[in-house]
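Data first, discussion second: the structure below is written as C-alpha cells.
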Amino acid sequence: MAPLSITSQIQINAAPEKVWEVLINLAAYGDWNSQMQVIEAPESISRGSKVRLCAAPNTAAERIFDVEITAIEIPYLLEWQGGEPDTFIGIHRFELHRVNSDKTLFKNSEMFSGAMASTILNVSRTSLEGEFQAFNEALQRRVELE
C-alpha cells in the first residue's frame with residue numbers, strides 16, 4: 001500500500017530568507033502560482049491563523065478548503081491543517097533547508113489521515129503530485145527572478 005503522504009522537493013538558487021518572503025506572502029500567490037490561490041487570509045499569519053484556499057483553480061480538480069496554520073518557524077517551516085475530522089485530514093508542510101548561503105532545498109509535503117484518506121489519495125495521487133511539483137517550480141521561478 002502506498003504511503004498516505006505526498007512529497008516533492010526542488011532546489012532554489014536563493015537563501016531561505018528570500019524563499020520565505022515569497023512563500024509567506026499568501027495574498028500574492030495568485031500572481032505567480034497557478035496551483036493555489038488564497039481566497040482569504042489575515043495580512044500577517046501566525047500559529048492559529050485561519051486561511052481559505054483554492055487548489056487547482058479553474059480546473060476540473062478545483063477545490064476550496066479552510067486550513068489553520070499549525071506551525072510556523074521563520075524562515076524554515078510553514079504548516080497548515082485542514083479537512084473533516086475523522087473523515088479526511090491533510091497536514092501540509094513547506095520546509096526550507098539551507099544548502100549554503102545562496103541555495104535552499106524546498107520540500108513540499110502533505111500527510112493524510114482519516115477514514116477516507118486512503119480512498120481519496122488512491123484516486124488523486126497522480127494529480128496531487130503534479131500540483132505539488134508545479135507549485136515548487138512556480139516558487140522557484142518567482143524567487144529566482146526577483
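Index from 1, following the sequence.
Linking ILVMFWY residues whenever their side-chain heavy atoms come closer than 4.5 Å, directly or via other members, leaves Leu77 and Ile24 in distinct clusters. Residues Trp32 and Ile10 are members of one and the same hydrophobic cluster, defined by side-chain heavy-atom contacts under 4.5 angstrom among Ile, Leu, Val, Met, Phe, Trp and Tyr. Using a 4.5 Å cut-off between side-chain heavy atoms of Ile, Leu, Val, Met, Phe, Trp and Tyr, with links allowed through other members, Ile89 and Leu121 fall into different hydrophobic clusters. Criterion: ILVMFWY side-chain heavy atoms under 4.5 Å apart, direct or through other members. Under it, Phe135 and Ile6 are not part of a common hydrophobic cluster.
Judged as a ring-ring contact (aromatic ring centres under 6.0 Å, His included), and not counting sequence neighbours, the contacts of Phe112 are Phe88. With sequence neighbours left out, Phe106 forms a ring-ring contact (aromatic ring centres under 6.0 Å, His included) with Phe94. For Arg63, the salt bridge (charged side-chain N to carboxylate O under 4.0 Å, His left out) test picks out Glu131, with sequence neighbours left out. Annotation: salt bridge (charged side-chain N to carboxylate O under 4.0 Å, His left out) contacts of Lys107 (sequence neighbours excluded): none.
Around CG of Asp86, the count of heavy atoms belonging to other residues, nucleotides or ligands within 6.0 Å does not exceed 12. Crowding of Glu40 atom CD: a count of heavy atoms from other residues, nucleotides or ligands under 6.0 Å not exceeding 12. Environment of CE in Met111: sparse, with no more than 12 heavy atoms of neighbouring residues, nucleotides or ligands closer than 6.0 Å. Within 6.0 Å of CD in Glu84 there are 12 or fewer heavy atoms belonging to other residues, nucleotides or ligands.
Contact between Val38 and Ala41 at its shortest, heavy atoms only, is CG1-CB, 3.6 Å. The shortest non-hydrogen separation linking Gln35 to Pro57 is O-CD, 3.6 Å. Residues Ser8 and Asn136 share a closest heavy-atom pair of OG-ND2, 2.9 Å. Of all heavy-atom pairs between Tyr29 and Val22, the closest is CE1-O, 4.0 Å. The heavy-atom pair separating Ile45 from Leu26 by the smallest distance is CG2-CD1, 3.8 Å. Summarising the geometry of Glu95 relative to Ser109, their closest heavy-atom pair is OE2-OG, 4.2 Å, with the distance given to 0.1 Å.
Residue Val99 belongs to a hydrophobic cluster whose other members are Leu105, with links defined by side-chain heavy atoms closer than 4.5 Å.
In this structure, Ile74 CD1 and Leu23 CG are separated by 11.5 Å, a value rounded to the nearest 0.5 Å. Atoms CG and OG, on Leu4 and Ser113 in that order, are 8.5 Å from each other to the nearest 0.5 Å.
Here Arg142 does not pair with Glu21 in a salt bridge; the nearest charged N to carboxylate O distance is not below 4.0 Å.
Of the possible donor and acceptor atoms, none in the side chain of Glu79 sits under 3.5 Å from a partner among the backbone N and O of Ile69.
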Worksheet entry | Full working for side-chain contact (heavy atoms from CB on, under 4.5 Å) between Leu96 and Leu78 | CA-CA 9 Å; Leu96 291 74; Leu78 175 61; over 6 Å; no
Worksheet item: What's the verdict on side-chain contact (heavy atoms from CB on, under 4.5 Å) for Ile64 and Ile39, showing C-alpha distance, side-chain angles and the deciding distance?
Response: CA-CA 9 Å; Ile64 294 173; Ile39 297 169; 3.8 Å; yes
Item to complete: Under the side-chain contact (heavy atoms from CB on, under 4.5 Å) rule, what do Arg98 and Tyr76 come out as? Steps first, then yes or no, please.
Response: CA-CA 9 Å; Arg98 185 181 303 277; Tyr76 298 108; 3.0 Å; yes
Item to complete: Test Val67 against Phe65 for side-chain contact (heavy atoms from CB on, under 4.5 Å), laying out the working first.
Response: CA-CA 7 Å; Val67 298; Phe65 50 96; 3.6 Å; yes
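Counting heavy atoms from C-beta outward, Glu144 and Ile12 have side chains that approach closer than 4.5 Å.
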Counting only pairs under 3.5 Å, give me each side-chain donor-acceptor contact of residues 46-55, with atom names and distances, residues two or more places apart or in other chains.
{"unit_1": "Arg47", "atom_1": "NE", "unit_2": "Thr70", "atom_2": "O", "d": "2.6"}
{"unit_1": "Ser49", "atom_1": "OG", "unit_2": "Ser46", "atom_2": "N", "d": "2.9"}
{"unit_1": "Ser49", "atom_1": "OG", "unit_2": "Ser46", "atom_2": "O", "d": "2.9"}
{"unit_1": "Lys50", "atom_1": "NZ", "unit_2": "Glu68", "atom_2": "OE1", "d": "2.9"}
{"unit_1": "Arg52", "atom_1": "NE", "unit_2": "Asp66", "atom_2": "OD1", "d": "2.7"}
{"unit_1": "Arg52", "atom_1": "NH2", "unit_2": "Asp66", "atom_2": "OD1", "d": "3.2"}
{"unit_1": "Arg52", "atom_1": "NH2", "unit_2": "Asp66", "atom_2": "OD2", "d": "2.8"}

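Under the 6.0 Å cut-off for aromatic ring centres, Phe132 and His92 qualify, their centroids lying closer than that.
Side-chain atoms of Glu137 and Gln133 include a donor-acceptor pair closer than 3.5 Å.
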